[in-house]
Amino acid sequence: MPYSSSLSDKEWEIIEPLLPQKKKTRPPRWKKRQILDGVFYQLKNGCKLMLKRLAHL
């Protein structure tokens, strides 16, 4: 697990069946798990760098 916000295998087993299935088109650029890990990372950590930049204005 690269980040503390990343899904564990057990969490993914619970969430995966709840997600819609992809239509038969070209292969996705990112896996659904990677997308959710990115969303959870942003929710947990926010955008601290941007807040620091805005504080100087």
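Distance check: L7 CG to L36 CG gives 6.0 Å after rounding to the nearest 0.5 Å. Atom OG of S5 and atom CG of D37 lie 6.5 Å apart (nearest 0.5 Å).
Contact of the R33 side chain with the D9 side chain is registered, since non-hydrogen atoms from C-beta on lie closer than 4.5 Å.
Not one N or O on the side chain of E13 forms a donor-acceptor pair closer than 3.5 Å with the backbone of K10. Side-chain N or O atoms of Q42 include none that pairs as donor or acceptor with a backbone N or O of V39 at under 3.5 Å.
The nearest pair of heavy atoms linking Q21 to K32 is CA-NZ, 3.9 Å.
The side-chain contact (heavy atoms from CB on, under 4.5 Å) test applied to I14 returns no partner, not counting sequence neighbours. Evaluation of the ring pair (Phe, Tyr, Trp, His ring centres under 6.0 Å) rule for F40 yields no partner, not counting sequence neighbours. For E16, the side-chain contact (heavy atoms from CB on, under 4.5 Å) partners at least two apart in sequence or on another chain are W12.
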